[in-house]
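A short write-up of the structure that comes next.
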Amino acid sequence: MDAFLEFATGPLFRLTFAIMILGLVRILVLDLIGMFEAYRRAGDKTIPWKLTLSRTLEWVFPVKRVISHRPVYSVIAILFHIGLLVTPIFLFAHVQLWRDGLGFGWWTLSPGLADTLTLATIALGVLLFLGRVGSRDARSLSRKQDYLWPLVLIVPFITGYVCANLGVSPALYRLSMLVHVLSGELIFVLIPFTKIAHCVLMPLSQLVSTLAWKFPARVDEDVCTTLNKEGAPV
């Protein structure tokens with residue numbers, strides 16, 4: 001068990017973290033190439049930067065959408081995302097690992113706040129799962145991964161809380177820590193290949209949409225030619 005745990009926290013952690021980073025970089029580069037190609041082929045090369053920025057901020061900070069569309073479910077989803085990001089990044093034990101490995105760290109959560117966020121994230125994940133199962137509208141739009149992700153994401157939070165706060169036996173502590181590490185590494189590997197990749201695409205989503213809806217140059221003439229109406233106004 002100890003040897004497996006040491007392997008999971010050492011080489012396997014570095015490998016899965018590298019897969020996540022390289023996978024997200026690949027998605028970002030492919031998107032940028034696609035955007036450049038769409039812009040190069042566009043007939044109208046004007047880009048409404050102000051409108052695009054405004055819509056991007058609306059998606060990143062969806063205050064208006066929360067009020068207008070399923071407000072309770074939307075608030076739960078937003079708080080769940082905050083817990084997912086803030087808790088592991090600013091947890092003292094995690095930051096300490098970065099300090100030990102790379103020689104630098106950053107501000108950390110107090111133990112009480114970290115525990116509160118951990119428990120809140122677990123509860124919110126369960127509520128998201130139940131909300132999706134219990135909503136006819138959500139079920140019609142959901143794929144299998146939409147049901148699984150909230151449950152998968154809270155596994156490291158549950159096991160981390162057990163290791164940090166419950167007085168369990170040494171054997172159960174090592175088992176919980178192993179599940180904690182492996183579940184986190186599974187999430188690392190899945191991120192670039194699932195819907196969670198939207199975490200890097202979100203800031204670009206509105207710009208991608210704007211460029212995607214620009215027709216290539218001479219498309220008007222090609223349409224008229226196809227309809228045997230060369231020279232007709234479009």
Side chain to side chain contact (heavy atoms under 4.5 Å, CB included) between F92 and L109, worked out:
CA-CA 6 Å; F92 175 80; L109 299 168; over 6 Å; no
Minimum heavy-atom distance between P156 and G184, given as atom pair plus value:
CG-N, 4.0 Å
Compare every heavy atom of G105 with every heavy atom of V95, then report the nearest pair and how far apart it is.
CG1-CA, 3.9 Å
From CG (L79) to CG (L127), nearest 0.5 Å:
10.5 Å
Supply the atom-to-atom distance L119 CG to I154 CD1, rounded to the nearest 0.5 angstrom.
11.5 Å
Is I158 reachable from L151 through a run of hydrophobic residues whose side-chain heavy atoms are each under 4.5 Å from the next?
yes
Verdict with reasoning, W98 to F17, per ring pair (Phe, Tyr, Trp, His ring centres under 6.0 Å):
CA-CA 13 Å; W98 286 104; F17 191 77; 5.7 Å; yes
Please tell me whether I187 and L85 are part of a single hydrophobic cluster in this structure, the criterion being side-chain heavy atoms less than 4.5 Å apart.
no
Is the number of heavy atoms from other residues, nucleotides or ligands within 6.0 Å of CZ (R26) greater than 12?
no
Atom pair CG (L153) and CH2 (W149), whose distance is rounded to the nearest 0.5 Å
5.5 Å
List the atom of M20, the atom of F188, and the distance in Å for their closest heavy-atom pair.
CB-O, 3.3 Å
Do you know the tightest heavy-atom contact between Y73 and R132?
OH-NH2, 3.2 Å
When you group the ILVMFWY residues by side-chain heavy-atom contacts below 4.5 Å and let the links chain together, are V75 and F80 in the same group?
yes
Examine distances only and state if a side-chain atom of T87 and a backbone atom of L84 form a donor-acceptor pair shorter than 3.5 Å.
no
Heavy atoms only: give me the nearest F193-V189 pair and the separation to one decimal.
CD1-O, 3.0 Å
For the pair E185 (side chain) and F13 (backbone), establish whether a donor and an acceptor sit closer than 3.5 Å, ignoring hydrogens and angles.
yes
Rounded to the nearest 0.5 Å, the NE2 atom of H94 sits from the OG1 atom of T108 at a distance of 12.0 Å
Closer than 3.5 angstrom, by distance alone: can the side chain of R14 be matched with the main-chain N or O of T9 as a donor-acceptor pair?
no
Would you say that more than 12 heavy atoms from the other residues, nucleotides or ligands in this model lie under 6.0 Å from the CD of E37, or not?
yes
For the backbone of T159 and the side chain of H180, can you confirm whether one donor and one acceptor N or O come within less than 3.5 Å of each other?
no
Atom pair CD1/CG of I122 and L117 - distance to nearest 0.5 Å
11.0 Å
Kindly indicate whether the side chain of F129, heavy atoms from C-beta on, has any atom under 4.5 Å from the side chain of L148.
no
For residues W107 and F90, establish whether the separation of their ring centroids is below 6.0 Å.
yes
Distance col, row Y161:OH vs S176:OG, nearest 0.5 angstrom, shows 13.5 Å
Give a yes or no on whether L178 and L97 share a hydrophobic cluster (residues Ile, Leu, Val, Met, Phe, Trp, Tyr; joining criterion: side-chain heavy atoms under 4.5 Å apart).
no
According to a 4.5 Å side-chain heavy-atom criterion applied to Ile, Leu, Val, Met, Phe, Trp and Tyr, with indirect links allowed, do I19 and L30 form part of one hydrophobic cluster?
no
Angle class for the F4/F7 ring planes (parallel below 30°, perpendicular above 60°, tilted otherwise)?
parallel
Which atom of M177 lies closest to which atom of C163, heavy atoms considered
N-SG, 3.4 Å
